[in-house]
Amino acid sequence: MAKFKVVVTDWEFEDLRFEEAVLYQSPEIEVIAAQCRTEAEVIHACHDADGIINQYAPLSRQVIESLTNCQVITRYGVGVNTIDLEAATERGICVANVPDYCMDEVSDHALALILSWVRKVVVANQQVKNGNWDFKVTRPIHRLRNQTLGLVGFGRIPQSLAEKAKPLGFTIIASDPYFPVAEAKRKGVTLVSLETLVEESDIISVHAPLTPATKGMLGKEQFARMKKKPLIINTSRGPVIDESALVEALERGQVAGAALDVVEEEPIAAQHPFLSMNQVILTPHVAWYSEEAEAEMRTKAAVGIMDVLIEKKYPKYLVNLEVKNDKDLREQVGQVTIPNSKGTR
């Protein structure tokens, strides 16, 4: 009989082959596949779980306080906004994410959105398909070189975007109160306040994680300060932008347009104003995705479970570092091996 029960609360993949390839290396682990949507469903599936892998199902304080055996929760992806970190830490539960699996994918997608909007690729494509072969329908288009690209947040992904955008001739600024000024300068990026960023940027790309402090951080006040009528890019989380304020800013012309991979409520509502706005490009939360990134994310999420339950060490990507005060585990060492991802979808 297995010693440890690991529940996958929910997933949107065809199977759990990557997770099982890692977890079933130990005969002590039993994997339970659930598709939970509500707190009650999570409590029913996970109350006696030793480890949990989570995607979107809510792991609220009520859920976490119902867990009798749980030692570790890992989440697919970077954000951990589905998990009550304070409650998990109070219970001595390690929470881990996968912060480095899609740096190229998201930065590539952000750059693709910038180029598609600025060069009017979507508009031109639709006009041609409607029988209109006339470049004038794309006016105005402005040269990218010497425009200012403002990055909200300067973690791994925006750093990658900055490197890819530099050869296009952008001046790059960033707002991130936690990033060292000297290190940003070494990377050719000037750190500024959020107020300065929204005033000086021609294009604003949002990369802040969703936390209580960042929710709605771009709202009416910030849009009112945007002197250059910028393009807004968002590949982070929808609620980082006050959506109703963005709609109003688009209608008033305070911003020229938006290219969004994420919205406040996903999937987007059928009657959402964005759907009828020609100056808005939308993609369905796909920036993270490539076959390789998916394999890496799923594998690393499972490895985090193995680290704690079998290896008795902290997961490599431990989020709630405070738990080390209460949970006596070894420090993480070593690398994660990612299986070949070809043919997974």
Side-chain angles (χ1 to χ4, degrees), residues 74-83 85 95-114 148-166 168 170-198 200-201 203-218 222 230 232-241 259-262 283 285-290 292-294 296-297 300-301 304 314-322 332 336:
T74 64
R75 187 173 187 278
Y76 293 125
V78 181
V80 290
N81 48 290
T82 60
I83 304 166
L85 285 176
V95 176
N97 63 349
V98 188
D100 59 353
Y101 78 101
C102 62
M103 291 184 292
D104 271 329
E105 285 77 7
V106 178
S107 57
D108 286 349
H109 198 83
L111 186 57
L113 290 175
I114 292 170
T148 298
L149 171 61
L151 305 173
V152 179
F154 199 54
R156 292 179 175 91
I157 290 169
Q159 287 176 50
S160 179
L161 175 58
E163 287 300 313
K164 293 168 183 177
K166 281 179 190 175
L168 298 177
F170 281 108
T171 296
I172 303 177
I173 61 178
S175 174
D176 190 325
Y178 305 104
F179 200 86
V181 173
E183 179 66 11
K185 185 177 180 180
R186 189 183 68 79
K187 294 177 179 290
V189 175
T190 302
L191 287 184
V192 298
S193 67
L194 182 61
E195 290 76 14
T196 298
L197 184 142
V198 299
E200 296 185 359
S201 297
I203 300 169
I204 297 173
S205 190
V206 180
H207 301 278
L210 179 59
T211 68
T214 64
K215 185 175 182 181
M217 69 184 299
L218 287 185
Q222 289 72 35
I232 307 294
I233 307 289
N234 191 3
T235 53
S236 59
R237 290 291 185 270
V240 173
I241 297 176
L260 311 170
D261 186 55
V262 290
T283 56
H285 203 150
V286 70
W288 66 274
Y289 171 71
S290 72
E292 294 79 6
E294 181 182 303
E296 185 175 355
M297 173 184 71
K300 287 182 173 180
Y314 297 111
K316 182 177 181 179
Y317 304 108
L318 181 67
V319 175
N320 56 338
L321 298 176
E322 305 91 333
Q332 169 67 266
V336 175

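Here, residue 1 is the first one in the sequence, and each next residue gets the next number.
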Please name the pair of heavy atoms, one in S193 and one in S175, separated by the smallest distance, quoted to 0.1 Å.
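Closest pair (atom of S193, atom of S175, distance): C-OG, 3.8 Å.
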Kindly give the heavy-atom pair with the smallest separation between S201 and G150, and that separation in Å.
OG-CA, 3.3 Å
CA sep, side-chain torsions, deciding dist, call: L218, L194, side-chain contact (heavy atoms from CB on, under 4.5 Å)
CA-CA 9 Å; L218 287 185; L194 182 61; 4.2 Å; yes
To the nearest 0.5 Å, how far apart are [atom1] in [X] and [atom2] in [Y]?
| X | Y | atom1 | atom2 | result |
| --- | --- | --- | --- | --- |
| D176 | E183 | CG | CD | 12.0 Å |
| L260 | L113 | CG | CG | 8.0 Å |
| S236 | M217 | OG | CE | 9.0 Å |
| I172 | F154 | CD1 | CZ | 7.5 Å |
| L151 | L197 | CG | CG | 7.5 Å |
| E296 | E105 | CD | CD | 8.0 Å |

Given K300 and Y317, is the side chain to side chain donor-acceptor pair (under 3.5 Å) satisfied, shown in steps?
CA-CA 9 Å; K300 287 182 173 180; Y317 304 108; 3.2 Å; yes
Any non-hydrogen side-chain atom of [X] less than 4.5 Å from a side-chain atom of [Y]?
| X | Y | answer |
| --- | --- | --- |
| V189 | I173 | no |
| W288 | M297 | yes |
| N97 | T74 | no |

Apply the side-chain contact (heavy atoms from CB on, under 4.5 Å) test between I233 and each candidate in D261, V206, I203, L111; give the one that qualifies.
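Only one of D261, V206, I203, L111 forms a side-chain contact (heavy atoms from CB on, under 4.5 Å) with I233, namely I203.
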Looking at V95, I83, V98, which hits side-chain contact (heavy atoms from CB on, under 4.5 Å) with R75?
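Exactly one option meets the side-chain contact (heavy atoms from CB on, under 4.5 Å) with R75, and it is I83.
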State whether the number of non-hydrogen atoms from other residues, nucleotides or ligands found under 6.0 Å of K215 atom NZ is greater than 12.
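It does not: K215 NZ has 12 such atoms or fewer within range.
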Side chain to side chain donor-acceptor pair (under 3.5 Å), that's the test. Do S205 and H207 meet it? Break it down for me.
CA-CA 7 Å; S205 190; H207 301 278; 2.7 Å; yes
D108 bridged to K164 by N-O distance under 4.0 Å
yes
Before you tell me yes or no, could you show the steps for F179 and L191 under side-chain contact (heavy atoms from CB on, under 4.5 Å), namely the whole-Å CA-CA distance, both residues' side-chain angles and the distance that decides it to 0.1 Å?
CA-CA 8 Å; F179 200 86; L191 287 184; 4.3 Å; yes
